[in-house]
Amino acid sequence: MNPFTQLDGLVAPLDRANVDTDAIIPKQFLKSIKRSGFGPNAFDEWRYLDVGQPGQDNSQRPLNPDFVLNQVRYKGAQILLTRDNFGCGSSREHAPWALEDYGFRVLIGPSFADIFFNNSFKNGLLPIKLDVAEIDELFRQCEASAGYRLKVDLAAQTITRPDGKSIAFDIDPFRKECLLNGWDDIGLTLRHADKIRAFEAQRRAEHPYYFA
Amino acid sequence: MHAQTLYEKLWSSHVVHQEADGTALIYIDRHLVHEVTSPQAFEGLKLAGRKPWRISSIVATADHNTPTDHWDLGIQDPVSRQQVETLDANIREVGSLAYFPFKDARQGIVHVIGPENGATLPGMTVVCGDSHTSTHGAFGCLAHGIGTSEVEHVLATQCLLQKKSKTLLIRVDGQLGRGVTAKDVVLAIIGKIGTAGGTGYAMEFGGSAIRSLSMEGRMTICNMAIEAGARAGMVGVDETTIEYLKDRPFSPKGEQWAQAVDYWRSLHSDEGAEFDKVVELKAEDILPQVTWGTSPEMVTTVDGRVPDPAAVTDPVRREGIERALKYMGLAANTPITDIPVDQVFIGSCTNSRIEDLREAAAVARGRSKAASVKRVLVVPGSGLVKRQAEEEGLDKVFVAAGFEWREPGCSMCLAMNADRLEPGERCASTSNRNFEGRQGAGGRTHLVSPAMAAAAAVTGRFTDVRTLA
């Protein structure tokens, strides 16, 4: 996993609640057996006017001019502003893969769905929860000025606005360490292999019917 | 010892190790695997030179991509076929407790085959790269969906990194009215608490109305815990649970059965256990439900109307309703029973078990598909459900009514196979998600119970099933 430390990035606003993972990456693209290449199909049904298919040349497809991410001013955005319950629905990790492949590294919203939130950290994508009032103000500022950028500092746990205001955010210490260092979860867990084996042996002795 | 909730019992019996900030390593008893969310995990394992920790925890099947008709022709879509063949190859290489491949007599939706084979047992931790893994919590286990990185993590370590959730009790007391099913109960719950109401919580369902449900009904309810934001839903073990599991293929036998049952009887929340939050519903207040929008919380009763966004003050919510009505092609204040349907889908991990098919057949018996309805798909959840339904003659009831009786699979719940809606088509569906494009790009989904879906099929519009004698 790529480490995440700091980012000074262009912000794009997606002003709707309950954005589900079916919307982030529609089902037809889940047939891929790869982890990469989902970016051109992120938000496919909102982003293009036609119905997308796997393996297509996406550069030839008609873009939906009404979809916010298609506006020139948001091209190259690395920070996505969202509303409540972003990433709800299907557990598909293809959703964070698609967002990351599109170019996003940070998501900022009032709340995220549990499975999506968890999946994001496994892919170097940082979801940040802030109070609704802070989010409202970020939407207002972002929409008011083209080229709106935010500075995100994971070690300091701060977001800095162009007007100099610094906003603190919370993150689990364990997740923070993993993300700052780009650690592989599996490698970390396997340091406890002896403990896992001991637990398993005891469980097998107490509840043999779970090991049939 | 203080009174514990079921979740606390399940959690504490699986903690292998805990970090200073509370992040814990949780041992996983059962790992269900399907073709869509596993290929990258198996590849990652191989690239890192790792081996699966305990293959006897793995139960696998192909369900999302498999066709529901013309099985003799195989899987026509080459991309779908490649994904299913990749699962075949991965399981062949690493092994498993059980694998039910495409066309196997016991193949089916992963959340149907686990319980019916006794591979889901009380007291287990159950995971799968699929959000509807919450279904298995109906058996008094801790069951939830995980992403593909976590699938790889469980394969490699038999553990998951987790933080303990808060606890939420949904208590439904009283007696459900005639024509009101488990699906209506869970839709009413989601309507009440919202699609993020359970975020951060492990959700337990209790109360006399839940206790009186069959295992099929409890699975329907736990299945949709995720649509209320809760990764895990659960119901405490009782005689209904134990009776269901007796003599299933992977259920314990003989002396081990007695030992297991003895333990399982402790798997319920203790009297006086405290939850972080409690929500109560009265069973008598719940009527047949129909969703009208693009999120499961956008739901009302069959005697209700499509809401009017003009009456909503919160701008984010108002715009959400406006966007949903535009997508759904519905005008504000339209009575639900005035909405016609083009297709009907009876199936999915929510409602494709034998009891669901019996409820749909009871409505379809002696009636016919309305002429205006293009297609009614009935897709059993597994080969075993299909066989039982045929033994009971349900297939004949459906076919006589002009419904299509199909092979098992996920089918039009998410339309990864050939079963899908065309743009603009409206569907009464027993599945779990009415998101934009879920059943096909531009398709419009209304979530209902199997009985309500059958009622829509025979009348051509949403109809209160209680009015069909």
Side-chain angles (χ1 to χ4, degrees), chain A residues 15-18 20-23 26-28 30-35 45-46 51-52 54-55 83-85 88-94 96-97 111-116 118-119 122-123 172-175 184-190 192-193 195-196 198-200 203 207-212, chain B residues 16-17 19-21 23 25 27 29 36-37 39-40 43 48 50 54 56 65 79-80 82-83 86 121 123-124 129-131 145-150 152-153 156-159 161 163 195-196 199-200 229 231 250 252 256 259-260 263 295 316 319-320 323 414-416 433 435-438 441:
Chain A
D15 196 0
R16 53 169 96 188
N18 298 317
D20 58 74
T21 54
D22 273 83
K27 82 285 255 121
Q28 61 270 38
L30 272 48
K31 296 179 186 184
S32 165
I33 57 171
K34 301 282 165 216
R35 260 176 194 265
E45 284 181 23
W46 294 342
V51 176
R83 292 289 185 185
D84 260 323
N85 203 25
C88 61
S90 161
S91 61
R92 59 188 70 169
E93 196 162 320
H94 312 68
W97 293 339
S111 66
F112 296 88
D114 284 342
I115 301 178
F116 173 83
N118 206 37
N119 286 341
K122 316 280 182 194
N123 294 283
D172 283 344
F174 183 77
R175 284 188 160 131
D184 160 25
D185 276 359
I186 296 177
L188 286 181
T189 297
L190 286 174
H192 302 296
K195 265 187 153 175
I196 302 171
F199 180 94
E200 190 168 58
R203 187 159 176 79
H207 304 285
Y209 39 85
Y210 293 141
F211 294 82
Chain B
V16 174
H17 170 81
E19 301 285 341
D21 76 343
T23 305
L25 265 187
Y27 186 79
D29 295 305
V36 181
T37 56
Q40 298 89 347
E43 189 191 28
R50 290 170 176 142
R54 183 164 72 82
S56 70
N65 280 278
V79 199
S80 286
Q82 184 195 27
Q83 201 165 54
T86 302
L121 297 172
M124 278 183 164
D130 191 288
S131 60
I146 55 178
T148 297
S149 294
E150 290 180 314
E152 186 180 335
H153 193 278
T157 71
Q158 211 58 42
C159 289
L161 283 163
K163 270 203 140 174
T195 47
T199 303
R231 275 168 69 132
F250 293 110
Q256 286 202 356
Q259 188 197 344
Y263 171 54
S295 162
V316 176
E319 282 162 30
R323 198 179 294 121
L414 86 167
M416 271 188 84
R433 292 189 173 134
F435 299 155
E436 288 184 26
R438 172 81 178 179

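Within every chain, numbering begins at 1; the chains are lettered A, B, ... in the order of the sequence lines, protein sequences first and strands thereafter.
Only the side chain of A/R83 comes within contact range of chain B, judged by heavy atoms closer than 4.5 Å. With a 4.5 Å cut-off on non-hydrogen atoms, A/A198 does not touch chain B at all. At a 4.5 Å heavy-atom cutoff, the contact between A/N118 and chain B is made by side-chain atoms alone. The contact between A/A212 and chain B is made entirely by backbone atoms, counting heavy-atom distances below 4.5 Å. Both the backbone and the side chain of A/P173 have a heavy atom closer than 4.5 Å to some heavy atom of chain B. Using a 4.5 Å cut-off between heavy atoms, A/F199 touches chain B through its side chain atoms alone. Interface remark: B/R433 contributes side-chain atoms only to the contact with chain A (heavy atom separation under 4.5 Å). In this structure, the portion of B/V316 lying under 4.5 Å from any heavy atom of chain A is its side chain and not its backbone. Only the side chain of B/E19 comes within less than 4.5 Å of a heavy atom in chain A; its backbone stays farther off. In this structure, chain A has heavy atoms under 4.5 Å from both the backbone and the side chain of B/S80. For a residue to count as touching a neighbouring chain, one of its non-hydrogen atoms must lie under 4.5 Å from one of that chain's; by this rule B/Q40 touches chain A with backbone and side chain alike. If you measure heavy-atom distances from B/A20 to chain A, you find no contacts under 4.5 Å at all. For B/T86, the part lying near chain A is the side chain, with the backbone staying farther off; criterion is any non-hydrogen pair under 4.5 Å. Contacts of A/N119 with chain B are made by side-chain atoms alone, with heavy-atom separations under 4.5 Å and no backbone atom involved.
Distance alone, capped at 3.5 Å, places no donor-acceptor pair between the A/K27 side chain and the A/D22 backbone. In terms of modelled atom types and a separation under 3.5 Å, the side chain of B/Q82 and the main chain of A/I33 share no donor-acceptor contact. A donor-acceptor pair is defined here as one N or O able to donate and one able to accept, closer than 3.5 Å; no such pair exists between the side chain of B/D21 and the backbone of A/D172. Judged by distance alone, with hydrogens and angles left aside, the side-chain atoms of A/D20 form no donor-acceptor pair with the main-chain N or O of A/C88 at under 3.5 Å. With hydrogens and angles ignored, the 3.5 Å screen pairs no side-chain donor or acceptor of A/H207 with any backbone N or O of B/A260.
Contact record, B/G123 with A/Y210: CA-OH, 3.4 Å, taken as the closest heavy-atom pair.
No other option in B/S131, B/A48, B/A441 has as many heavy-atom pairs under 4.5 Å with chain A as B/S131. No other option in A/V51, A/L30, A/D84, A/D15 has as many heavy-atom pairs under 4.5 Å with chain B as A/L30. Between chain B and the residues A/S32, A/P26, A/S111, A/G52, the largest count of heavy-atom pairs under 4.5 Å involves A/S32. Most heavy-atom pairs under 4.5 Å with chain A: of the set B/S56, B/A196, B/S149, B/G147, this distinction falls to B/S149. Between chain B and the residues A/E93, A/Q28, A/H94, the most heavy-atom pairs under 4.5 angstrom are made by A/E93. Between chain B and the options A/A113, A/S90, A/A17, the largest number of non-hydrogen pairs under 4.5 Å is found for A/S90. Most heavy-atom pairs under 4.5 Å with chain A, from the set B/Q256, B/H17, B/E436: that is B/H17. Interface check for chain B: of the options A/H192, A/E45, A/R175, the most heavy-atom pairs under 4.5 Å are formed by A/H192. Ranked by heavy-atom pairs under 4.5 Å with chain B, the first of A/L188, A/T21, A/N18 is A/N18.
In this structure the side chain of B/R50 reaches within 4.5 angstrom of the side chain of A/L190, judged on heavy atoms. The closest side-chain heavy-atom distance from B/P252 to B/L121 is below 4.5 Å. Within the 4.5 Å cutoff, side-chain heavy atoms of B/R231 are placed close to those of A/I115. You'll find the side chain of A/P96 reaches within 4.5 Å of the side chain of A/F116, heavy atoms only.
Scored by the side-chain contact (heavy atoms from CB on, under 4.5 Å) test, B/E43 finds A/K34, B/L47 as partners (sequence neighbours excluded). With sequence neighbours left out, the salt bridge (Lys or Arg N to Asp or Glu O under 4.0 Å) criterion links A/E200 to B/R54.
The pair B/D29-A/R203 meets the salt-bridge criterion, since a charged nitrogen lies less than 4.0 angstrom from a carboxylate oxygen. A salt bridge does not link B/E152 with A/K122: every distance from a Lys NZ or Arg NE/NH1/NH2 to an Asp or Glu carboxylate oxygen is 4.0 Å or more.
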